[in-house]
Amino acid sequence: MTVTAYSFTVLSLRIASNDNTQIAIAATVTRWYDANARDLAWRRPGASPWGVLVSEVMLQQTQVSRVEPAWQTWMERWPTPAHLAADPPGEAIRAWDRLGYPRRALRLHACATAIVERHDGEVPDDVEALLALPGIGTYTARAVAAFAFRQRHPVVDTNVRRVVARAVAGEADGGANTTPADLRAVEVLLPEDEEAAARASVAFMELGAVVCTARAPRCEECPLTAVCAWRLAGSPPPDGPARRSQRYHGTDRYVRGLLMAVLRASDTPVPAERLDAVWPDADQRHRALAGLLADGLVRRREETYALPG
DNA sequence: GACACGTGGAT
DNA sequence: TATCCAAGTGT
């Protein structure tokens with residue numbers, strides 16, 4: 001049998017996880033979380049697995065402050081997957097309002113439908129089944145399994161990548177996407193006990209969200225300040241290439257947003273001319289509309305357009 | 001693996 | 001005002 005570099009890495013991580021400092025990290029952050037956690041509706045004891053799932057989808061690339069009211073409204077209207085599945089997908093898109101990335105709303109509706117069809121209306125409690133649902137990827141599947149069902153899984157989002165990159169690896173930032181190595185690196189930090197691991201997972205995320213932030217970390221408030229490898233190395237700046245800055249104004253995404261806003265606001269199909277009025281560049285407008293049609297976010301009927309019924 | 005995909009809070 | 005970037009997923 002060949003001993004690969006990968007198995008060396010895993011072995012050294014296993015050894016590292018037995019190190020006192022490594023073990024102390026989860027306990028320390030969890031203790032900090034117990035004293036400092038924000039009171040978010042989807043974290044309360046009464047929150048259902050469906051509520052947790054909805055919150056995780058809404059939180060994808062979207063700030064907590066914008067999600068809170070949207071989640072409340074959504075859960076009152078569609079308290080279970082069956083409630084959502086019973087309404088047309090266009091209603092989910094309309095209710096999504098300005099949360100952004102409306103494909104998430106369409107997929108959440110498809111997700112509810114799949115839960116009703118494949119799981120008797122109950123959110124599944126295993127990562128494999130969750131991963132098979134529309135709009136549920138590496139992060140969200142594990143987040144739901146951990147936070148709704150109190151299981152032990154590495155829950156790795158941008159916050160956790162950053163916290164671990166800094167505290168453990170001594171780097172300024174985590175990668176742009178979660179890799180299998182990231183999952184492994186976080187997994188070895190988790191306590192063996194399932195409930196304790198689930199609590200450590202929220203705690204890591206919370207620390208990254210409110211203290212170990214991307215722009216101006218509040219290291220004075222950080223429970224890991226004494227052991228943080230990045231801090232101990234003098235907080236070196238990021239070394240890799242700077243990520244490309246994303247423009248929005250005037251992009252296809254922007255035009256898609258303009259078109260969707262018109263369609264959301266209308267209870268009746270919208271004539272093509274009304275859409276023509278939102279943006280002067282006809283080429284770009286057509287490209288945006290074609291994309292929306294291809295994505296299933298918009299339906300055409302003759303010369304009118306509407307959200308999918 | 002890079003890229004597309006919305007919208008707005010924070011600085 | 002401009003720029004960063006926010007609990008990612010799917011292609």
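All chains are named by letter (A, B, ...) in the order of the sequence lines, taking the proteins before the strands, and each is independently numbered beginning at 1. For clarity, every value in this text was computed on a predicted model and none was experimentally measured.
Each of A/D173 and A/L133 has a nearest nucleotide on DNA chain C; the 5'-most of these lies closest to A/D173. Along DNA chain B, the nucleotide nearest A/G100 and the nucleotide nearest A/N177 are compared for position; the residue whose nucleotide lies closer to the 5' end is A/N177. For the pair A/W42 and A/R107, both in contact range of DNA chain C, the more 5′-proximal nearest nucleotide belongs to A/W42.
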Restricting both atoms to N or O, compile the protein contacts to nucleotides 9-11 of chain B shorter than 3.5 Å, with distance only.
| unit_1 | atom_1 | unit_2 | atom_2 | d |
| --- | --- | --- | --- | --- |
| B/dG9 | O4' | A/Q63 | NE2 | 3.3 |

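Using a 4.0 Å cut-off, some side-chain N or O of A/R98 falls inside it from OP1 or OP2 of B/dG8. Considering only side-chain N and O atoms, A/R256 lies under 4.0 angstrom from the phosphate OP1 or OP2 of B/dG6.
Note on A/T158: only backbone sugar-phosphate atoms sit closer than 4.0 angstrom, heavy atoms only; bases stay farther off. Residue A/A214 is in sugar-phosphate contact alone, with no base atom involved, counting any heavy-atom pair closer than 4.0 Å across all strands shown. Across all strands shown, A/L40 has heavy atoms under 4.0 Å from base atoms, whether or not it also approaches the sugar-phosphate. Counting any heavy atom pair closer than 4.0 Å across all strands shown, A/R43 reaches a base atom. Counting any heavy atom pair closer than 4.0 Å across all strands shown, A/V155 reaches no nucleic acid atom. If you check every strand for non-hydrogen atoms under 4.0 Å, A/T140 touches sugar and phosphate atoms only. Contact annotation for A/S55: no contact, since no heavy-atom pair falls under 4.0 Å across all strands. Residue-level contact check: A/I136 touches the backbone only, with heavy atoms under 4.0 Å from sugar-phosphate atoms and none from bases. Using a 4.0 Å heavy-atom distance criterion, A/R287 is classed as making no nucleic acid contact.
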Q: Carefully, step by step, assess A/W96 and A/W74 under the rule ring-ring contact (aromatic ring centres under 6.0 Å, His included).
A: CA-CA 8 Å; A/W96 201 254; A/W74 190 281; 5.6 Å; yes

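Distance A/R253 CZ to B/dG8 P: 14 Å, rounded to the nearest Å. Straight-line distance from the CE atom of A/M260 to the P atom of B/dA4: 20 Å, rounded to whole Å. Protein atom CG of A/L258 is 12 Å distant from nucleotide atom P of B/dG6, rounded to whole Å. A straight line from CG of A/L263 to P of B/dG6 spans 13 Å, rounded to a whole angstrom. Spacing between atom CZ of A/R247 and atom P of B/dT7 amounts to 19 Å, rounded to whole angstrom units. For the pair A/Y248 OH and B/dT7 P, the computed distance is 4 Å after rounding to whole Å. Put simply, CG on A/L297 is 11 Å from P on B/dT7, counting in whole angstrom units. Between the CG atom of A/L106 and the C1' atom of B/dG6 there is a distance of 15 Å, given to the nearest Å.
A salt bridge links A/R44 and A/D39; the closest N-O separation between the charged side-chain nitrogens and carboxylate oxygens is under 4.0 Å. A salt bridge links A/E192 with A/R152: the closest approach of a Lys/Arg side-chain nitrogen to an acidic carboxylate oxygen falls below 4.0 angstrom. For A/D34 and A/R199, the salt-bridge test passes: some basic side-chain N is under 4.0 Å from an acidic carboxylate O. Under a 4.0 Å N-O distance rule, the pair A/R264/A/E91 does not qualify as a salt bridge. We find that A/R150 and A/E194 are not joined by a salt bridge, their nearest charged nitrogen and carboxylate oxygen being 4.0 Å or further apart.
Applying the under-4.5 Å side-chain rule to Ile, Leu, Val, Met, Phe, Trp and Tyr, the cluster around A/V278 extends to A/I93, A/L106, A/Y248, A/Y254, A/V255, A/L258, A/L259, A/M260, A/V262, A/L263, A/V270, A/L275, A/W279, A/L289, A/L292, A/L293, A/L297, A/V298, A/Y305, A/L307.
Think of the region where chain A sits on DNA chain C: with heavy atoms and a 4.0 Å cut, that region ends 5' and 3' at C/dC4 to C/dG10.
Using C1' as the reference atom, B/dG6 and C/dC4 are 16 Å apart when rounded to the nearest Å. C/dA7 and B/dA4 are spaced 23 Å apart, taking the P atom of each and rounding to whole Å. Look at the C1' atom in both B/dG1 and C/dG8: the space between them is 15 Å, to the nearest Å. Going from the P atom of B/dG8 to that of C/dT9 covers 22 Å, rounded to whole Å.
You'll find the side chain of A/R104 reaches within 4.5 Å of the side chain of A/Q60, heavy atoms only. Using a 4.5 Å cut-off on side-chain heavy atoms (C-beta onward), A/R299 and A/P269 make no contact.
We find the CG-OG1 distance between A/L131 and A/T140 to be 9.5 Å, quoted to the nearest 0.5 Å.
With A/W42 as reference, A/W71 is the one residue of A/W71, A/F147, A/W50 to meet the ring pair (Phe, Tyr, Trp, His ring centres under 6.0 Å) rule.
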